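Shown next, in structure tokens, is the structure this report addresses.
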Amino acid sequence: MMFVRSRVLRSATVWKQLDVCSRFTVGRQTRYKSTDASEDEVKHFQELAPTWWDTDGSQRILHKMNLARLDFIQRTLRNQIKIQDPEVYVPGFNYKEFLPDYVCDNIRREVQGSIEAGLSGRQEMSVLDVGCGGGILSESLARLKWVKKVQGIDLTRECIMVAKEHAKKDPMLEGKVDYECKALEDVTGQFDIITCMEMLEHVDVPSEILRHCWSRLNPDGGILFLSTINRDLISWFTTIFVGENVLKVVPKGTHHLSKYINSKEILAWFNDHYDGQFRLLDLKGTMYLPMQGWVEHNCSDIGNYSMAIQRLK
Ligand SMILES: CC(C)=CCC/C(C)=C/CC/C(C)=C/CC/C(C)=C/CC/C(C)=C/CC/C(C)=C/Cc1cc(C(=O)O)cc(O)c1O
Ligand SMILES: C[S@@+](CC[C@H](N)C(=O)[O-])C[C@H]1O[C@@H](n2cnc3c(N)ncnc32)[C@H](O)[C@@H]1O
Ligand SMILES: [Mg+2]
């Protein structure tokens, strides 16, 4: 049965129902890779690979985005830490309005120290970065003291080669990060953290990526971090009209509105497939503003967004 895959089919309703697999032939064997990327997407990123680590080059927006998404990831993880030490005073009210600054600073320092101790005290975490590109996020995660190792995968071979070469420049990354050019469905093992940043809007069947991420998440609290773009006029205006054609800060042809995915669609998909097995830890809209960089806002139904979903069982 031929699956018809066209951009028109990727409307909201179809996205939820279609389990469309991309099909390609290797020799005489026809293989289905549900987590595949189309040739034009891979070709696009092949061409960008050489300048991936030029922070003023084609990927400069991803480099700027990296600061904000690391904050999102670390804040989400810190919020998972419950302060056990009775000596640490955790105010139950907005103490900053009632207490002098020096007291507030002490409280903040004590709480922060206890959270860091909590994070460091936990077993180091294993991370899978899906669609890692040249490794911008993979490297940042690998440098965190509570991360044991980052496995970065991508279907663009040139990106993986760039990622490997760049990681060699930092001895601190020795043994902390590993890259492979492979499809998600070929990844074995389970991970405490899986990141899927700015790649869902580039794949043929995003639900397949989510499904394969889920099955590789540690069932005892593993966290999936996503960032992608809502399918709306403002997203088209900011990310394509302004981003690619006016400010030209995003390579032309990077995005296609029809491939964008609404945060509501992702949550509906998780409710349909894993009802009662997951917890939404955080969902924030994010927007790039030239003078400020990437800023968070609470309108996660418009434009870019970041999402953290925890697997409970
Ligand atoms: C609360 C809310 C959303 C209100 C909306 C109201 C409104 C109309 C807001 C418009 C905001 C505004 C005035 C914007 C000005 C124009 C502007 C600064 C647009 C930003 C352009 C831009 C940098 C978009 C980012 C696109 C993006 C998602 C980049 C990440 C990225 C990068 C790359 C790459 O570099 O190769 C590849 C990718 O796949 C990416 O996702
Ligand atoms: C915009 S880049 C994002 C890179 C990285 N996640 C980051 O945010 O810095 C998207 C990456 O996803 C990769 N990609 C697209 N579809 C993929 C798929 N089905 N499986 C694995 N990687 C994919 C592309 O090759 C590209 O490197
Ligand atoms: Mg993108």
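Here the structure is a predicted model, which is why all the values come from computation and not from measurement. Just so you know, ligand 1 is whichever comes first in the structure, and atom 1 is the first atom listed for that ligand.
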Short side-chain donor-acceptor distance under 3.5 Å, S235 and N230: no
Approximate separation, where rounding is to 0.5 Å, of Y274 OH and L312 CG: 13.5 Å
Atom 30 (C) of ligand 1: any protein heavy atom closer than 4.0 Å: yes
Is there a nitrogen or oxygen of H255 sitting under 3.5 Å from a nitrogen or oxygen of ligand 1? yes
Go through the steps for H202 and H44 under the test ring pair (Phe, Tyr, Trp, His ring centres under 6.0 Å), then give the verdict. CA-CA 10 Å; H202 298 283; H44 175 78; 7.2 Å; no
Single hit among I193, I223, L137, L144 for side-chain contact (heavy atoms from CB on, under 4.5 Å) with V127: I193
Contact (N/O only, under 3.5 Å) between T254 and ligand 1: no
Can you list every protein residue that has a heavy atom under 4.0 Å from any atom of ligand 2, sorted by chain and residue number? T35, D36, A37, F45, W52, L62, R69, G131, C132, G133, D154, L155, T156, C159, M197, E198, M199, V203
If you take the centroid of each ring, where Trp contributes its six-membered ring, are H63 and W53 closer together than 6.0 Å? yes
Report yes if some N/O of H297 lies less than 3.5 Å from some N/O of ligand 1; otherwise report no. no
Nearest-option assignment for atom 17 (C) of ligand 1, heavy atoms, candidates V242, T228, I234: V242
Rounded to 10°, how many degrees is the angle NE2/H255-the Mg ion (ligand 3)-OE2/E201? 120°
For ligand 1, which is the ligand I care about here, please tell me if E201 has any N or O atom under 3.5 Å from one of the ligand's N or O atoms. yes
So, E201 and T228: side-chain donor and acceptor under 3.5 Å apart, yes or no? yes
Would you say T239 and ligand 1 have an N/O pair spaced under 3.5 Å apart? no
Does any N or O in the side chain of K259 come within less than 3.5 Å of the main-chain N or O of H256, such that one atom is a donor and the other an acceptor? no
Please tell me if atom 21 (C) of ligand 1 is touched by the protein, where touching means a protein heavy-atom distance below 4.0 Å. yes
